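Excluded from the calculations below are hydrogen atoms, water molecules and symmetry mates; all remaining heavy atoms, backbone and side chain alike, are included. Just so it is clear, the structure is predicted and the values come from calculations on it, not from any experiment.
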Amino acid sequence: MSHSAYPGPPGHDPHAPGGHPPQPPAPPAAGHPAAGLPQYQQPGPGYPPPGYPAYPGGPMGAVGQRNGMGTAALTVGIIGLVCGLTYFLWLFAIVLGILAIIFGSIGKGKAQRGEANNAGSATAGIVCGIVGMVIPLIYLAALDAAIDSAF
């Protein structure tokens, strides 16, 4: 009869087969619902499965919309307008005004065909481009008149 100096952990039965304590119950297997957690039912027919809600057109807007030309026309037109208000940047204003008119015309054409939905931005770009070109022309005409009257 051999007795160990160390009796073992609580609940240890040295006379059990193999000398090991009984094993605790195993956790639920993967894929099985755990006991005690709330269970959710699947939706009935005609309802979408649970998950993230679907957004019409997706998170980035409608598929197939190409609004780059209208946005470029507005951006270039505003920059051209600011350059037109600055006397020393009149050359940039004329070049950017021409580009705004071109981009805006292409953007309006795409909007009329249904390929884009920002016809207002394209129109505003055209207007800013025209005004940005006209202001330096008025400056140059006034400068020419002032030079002619001085001599």
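Ile130 and Trp90 fall within a single hydrophobic cluster, where Ile, Leu, Val, Met, Phe, Trp and Tyr side chains are chained together by heavy-atom contacts under 4.5 Å. Under the 4.5 Å side-chain contact rule for hydrophobic residues, Phe92 and Tyr139 do not share a cluster. Hydrophobic clustering (ILVMFWY, side-chain heavy atoms < 4.5 Å, transitive): Val134 and Ile94 are in one cluster. Ile126 and Leu137 fall within a single hydrophobic cluster, where Ile, Leu, Val, Met, Phe, Trp and Tyr are joined by side-chain heavy atoms under 4.5 Å apart, directly or via other members. There is a path of hydrophobic side-chain contacts, each under 4.5 Å, that joins Phe88 to Leu85.
Contact annotation: the side chain of Leu81 approaches that of Ile135 to within less than 4.5 Å [non-hydrogen atoms, C-beta and beyond].
In this structure, CZ on Phe103 lies 10.0 Å from OG1 on Thr75, to the nearest 0.5 angstrom. With rounding to the nearest 0.5 Å, the separation of CE in Met133 from CG in Leu99 is 10.0 Å.
Across all their heavy atoms, Ala119 and Ala111 have their closest contact at CB-CB, 3.6 Å. Residues Arg66 and Lys110 share a closest heavy-atom pair of O-CD, 4.1 Å. Closest non-hydrogen pair, Ala124 versus Leu74, comes out as CB-CD1, 3.7 Å. The shortest heavy-atom contact between Ala93 and Pro136 is CB-CG, 3.7 Å. The minimum heavy-atom distance linking Ala100 with Gly125 is given by the pair CB-O, 3.6 Å.
Here the options are Leu91, Ile78, Ile101, Ile79, the test is side-chain contact (heavy atoms from CB on, under 4.5 Å), and the partner is Leu96; only Ile79 passes.
Atom NZ of Lys108 sits in a sparse spot, with 12 or fewer heavy atoms from other residues, nucleotides or ligands closer than 6.0 Å.
In this structure, the side chain of Thr71 does not engage the main chain of Gly68 through any donor-acceptor pair within 3.5 Å. Between the Asn118 side chain and the Asn67 main chain, a donor and an acceptor come within less than 3.5 Å of each other.
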